[in-house]
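Every chain is numbered from 1 and lettered A, B, ... according to where its sequence line falls, protein lines coming before strand lines.
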There are 2 protein chains.
Amino acid sequence: MSQTFQAQIHITLRASVLDPAGTAVQSGLHQLGYNNVSAVRIGKYMELTLTAADEAEAQQQVDRLCDQLLANPVIETYRFDVTEIAEAATVKCRV
Amino acid sequence: MSQTFQAQIHITLRASVLDPAGTAVQSGLHQLGYNNVSAVRIGKYMELTLTAADEAEAQQQVDRLCDQLLANPVIETYRFDVTEIAEAATVKCRV
């Protein structure tokens, strides 16, 4: 039986890649008076739900889809967590 | 003396707000054959460094700047973690 998992994916620019959006936000913060803020980097955060036979398969699949579609491995790195979701229907049966 | 902190900020669309980018990514994943993926939501992830007297002040400040500049509270929610950074210079002195 397949289980349902939620993946939380962080995609960030590699440290060596310039982040113009981050620089713009930092300058905006400085203009608002937050001069103590530095090193602003902006990345992407994605959540998705997937079904898989077990956690290992889910992790393998999320890794593959990050590499193929979600991240650009040339300038970005990614990391993710996969957690099983207790389905409402299953919980209902257990009560 | 002021300490240095790193803030990790997640900004996500409210559940009631449509996410066209997420829908586009989900359709791309389906076209690649990942038909078991659903509920794709895309948010922002930011990292920044700031100096503050203590962790409570750092948290208060990150909360304020999320509210004022980084997130749009009408359609987005945010959450963040603040952790102290051991400065290289300080570590050097301790050795």
Side-chain angles (χ1 to χ4, degrees), chain A residues 2-13 15 19 21-53 57-58 60-71 76-82 85 87, chain B residues 2-13 15 19 21-53 57-58 60-71 76-82 85 87:
Chain A
S2 74
Q3 297 166 292
T4 308
F5 297 90
Q6 191 186 47
Q8 300 183 313
I9 304 165
H10 292 85
I11 299 175
T12 48
L13 283 171
D19 180 0
T23 310
V25 166
Q26 184 171 317
S27 127
L29 289 171
H30 286 186
Q31 277 170 30
L32 282 176
Y34 296 104
N35 292 306
N36 57 335
V37 176
S38 60
V40 180
R41 305 280 291 178
I42 300 181
K44 277 172 281 186
Y45 171 68
M46 298 186 191
E47 286 178 350
L48 53 85
T49 302
L50 78 165
T51 53
E57 195 195 295
Q60 203 179 24
Q61 201 160 79
V62 172
D63 188 52
R64 219 165 43 224
L65 59 89
C66 280
D67 198 59
Q68 282 183 17
L69 185 80
L70 304 181
E76 292 170 330
T77 55
Y78 59 85
R79 60 192 162 84
F80 58 85
D81 291 309
V82 171
I85 303 176
E87 283 188 66
Chain B
S2 73
Q3 297 166 295
T4 308
F5 298 90
Q6 192 187 46
Q8 301 184 313
I9 304 165
H10 292 84
I11 299 174
T12 46
L13 284 171
D19 181 0
T23 311
V25 166
Q26 183 170 317
S27 127
L29 289 170
H30 286 185
Q31 278 171 28
L32 282 175
Y34 297 103
N35 292 307
N36 57 337
V37 175
S38 61
V40 180
R41 304 282 289 177
I42 300 181
K44 278 172 282 186
Y45 171 67
M46 299 187 191
E47 286 178 347
L48 55 86
T49 303
L50 79 163
T51 52
E57 195 195 295
Q60 204 179 24
Q61 201 158 79
V62 172
D63 188 51
R64 221 165 41 223
L65 58 87
C66 280
D67 199 59
Q68 282 184 15
L69 186 80
L70 304 181
E76 292 169 329
T77 55
Y78 60 86
R79 60 189 163 86
F80 59 86
D81 291 311
V82 171
I85 304 176
E87 283 188 65

- Query: Top residue by heavy-atom pair count (under 4.5 Å) with chain B, among A/Leu50, A/Thr49, A/Ile9?
  - Reply: A/Thr49
- With only heavy atoms counted, which part of B/Ile11 is less than 4.5 Å from chain A, the side chain, the backbone, both or neither? neither
- If you round to the nearest 0.5 Å, how far is CG of A/Leu69 from CG of B/Leu29? 5.0 Å
- Message: Quick check against the 3.5 Å criterion: does A/Asn36 have a side-chain atom that pairs as donor or acceptor with the backbone of B/Thr51?
- Response: yes
- Item | Partner chain B: residue of A/Ala52, A/Ser38, A/Ala39 with the largest heavy-atom pair count (under 4.5 Å) | A/Ser38
- Item | Set of side-chain contact (heavy atoms from CB on, under 4.5 Å) partners for B/Thr23, sequence neighbours left out | none
- Message: Counting only non-hydrogen atoms closer than 4.5 Å, does B/Leu32 touch chain A with its backbone (N, CA, C, O), its side chain (CB onward), both, or neither?
- Response: side chain
- Message: On a heavy-atom basis, which atom in B/Tyr45 and which in A/His10 lie closest, and how many Å separate them?
- Response: CD1-CD2, 3.5 Å
- Item | Pairs of heavy atoms under 4.5 Å with chain A: top-ranked of B/Arg64, B/Glu47, B/Gln68 | B/Glu47
- Note on the structure: The side-chain contact (heavy atoms from CB on, under 4.5 Å) partner of B/Tyr34 among A/Leu48, A/Leu65, A/Val62 is A/Leu65
